[in-house]
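Below is one structure; the comments refer to it alone.
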Amino acid sequence: MRPVYHPDQKDITLAGVLYALGDPIRIEIVKLLVEKGELPCAAFDLSVAKSTMSHHFKLLRDAGVLYCRKQGTQHLNSLRSEDLEARFPGLLESILKSAERCAASQGRG
């Protein structure tokens, strides 16, 4: 099994993080990880195809938002909160609050 790529903290870019968090499905993934902590891929029931979920996880990993570790046959995902906070203080919290406000204003909150 090949190793999963994770950028070094110094290589996490603002543009990459903003792009990764610019999709509603990826925001939902991040919100679930904030609420529940480390989760296996199977715990995300977001009504999209498995291949689409894999694409979203890869984008989040490549941007430095998620860390994925393999345990047996599972991939366990967690937020790289400390790395993101060190690179861009307050960014993740600000994006999540903004997403909540948008969802509430659209009657989804």
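All figures in this text were calculated on a predicted structure; none of them were measured in a lab.
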Query raised in the report: Hey, mind stepping through V30 and R26 against side chain to side chain contact (heavy atoms under 4.5 Å, CB included) and telling me if it holds?
Result: CA-CA 6 Å; V30 170; R26 294 191 290 268; 5.7 Å; no
Requested in this report: Evaluate the salt bridge (Lys or Arg N to Asp or Glu O under 4.0 Å) criterion for residues R87 and D83: first the C-alpha distance (whole Å), next the side-chain angles of each, then the deciding distance (0.1 Å), finally the verdict.
Outcome: CA-CA 6 Å; R87 291 284 291 149; D83 289 336; over 6 Å; no
Query raised in the report: Do the side chains of L84 and I27 join up, straight or via other hydrophobic residues, at under 4.5 Å, putting them in one cluster?
Result: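 Yes; I27 is reachable from L84 via cluster members.
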Query raised in the report: Would you find a donor on one side and an acceptor on the other, under 3.5 Å apart, between the side chain of H56 and the backbone of I25?
Result: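 The answer is no, because no donor-acceptor pair under 3.5 Å joins these two groups.
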Query raised in the report: Is the side chain of S94 donor-acceptor paired with the backbone N or O of G90 at a distance under 3.5 Å, no angle test?
Result: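 It does not hold such a pair.
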What distance do [X] atom [atom1] and [Y] atom [atom2] have between them, rounded to the nearest 0.5 Å?
X   : Y   : atom1 : atom2 : answer
F44 : L39 : CZ    : CG    : 4.5 Å
E28 : S47 : CD    : OG    : 11.0 Å
E38 : L76 : CD    : CG    : 4.5 Å

Over all atoms of both residues, closest heavy-atom pair of [X] and [Y]:
X   : Y   : result
I12 : F88 : O-CZ, 3.6 Å
V65 : A20 : CG2-CB, 4.3 Å
L66 : R80 : O-CD, 3.4 Å
Q9  : E82 : NE2-O, 4.1 Å
H75 : N77 : O-ND2, 3.5 Å
A63 : P7  : C-CG, 4.3 Å

Report task. Could you walk me through whether E100 and K97 pass the salt bridge (Lys or Arg N to Asp or Glu O under 4.0 Å) test, one step at a time? Result -> CA-CA 5 Å; E100 284 179 28; K97 283 182 180 179; over 6 Å; no
Query raised in the report: Are the side chains of E85 and L92 in touch, meaning some heavy atoms are under 4.5 Å apart?
Result: no
Requested in this report: Determine whether C68 and F57 make a side-chain contact, defined as any pair of heavy atoms from C-beta on separated by less than 4.5 Å.
Outcome: no
Report task. Give the intermediate values and the outcome of side chain to side chain contact (heavy atoms under 4.5 Å, CB included) for residues L60 and L21. Result -> CA-CA 8 Å; L60 289 165; L21 296 176; 4.1 Å; yes
Report task. Give the C-alpha distance, both sets of side-chain angles, the deciding distance and a yes or no for side chain to side chain contact (heavy atoms under 4.5 Å, CB included) between Y19 and L59. Result -> CA-CA 9 Å; Y19 179 77; L59 250 166; 3.6 Å; yes
Report task. List the steps and the verdict of side chain to side chain contact (heavy atoms under 4.5 Å, CB included) for I29 and M53. Result -> CA-CA 10 Å; I29 291 169; M53 283 300 289; 4.0 Å; yes
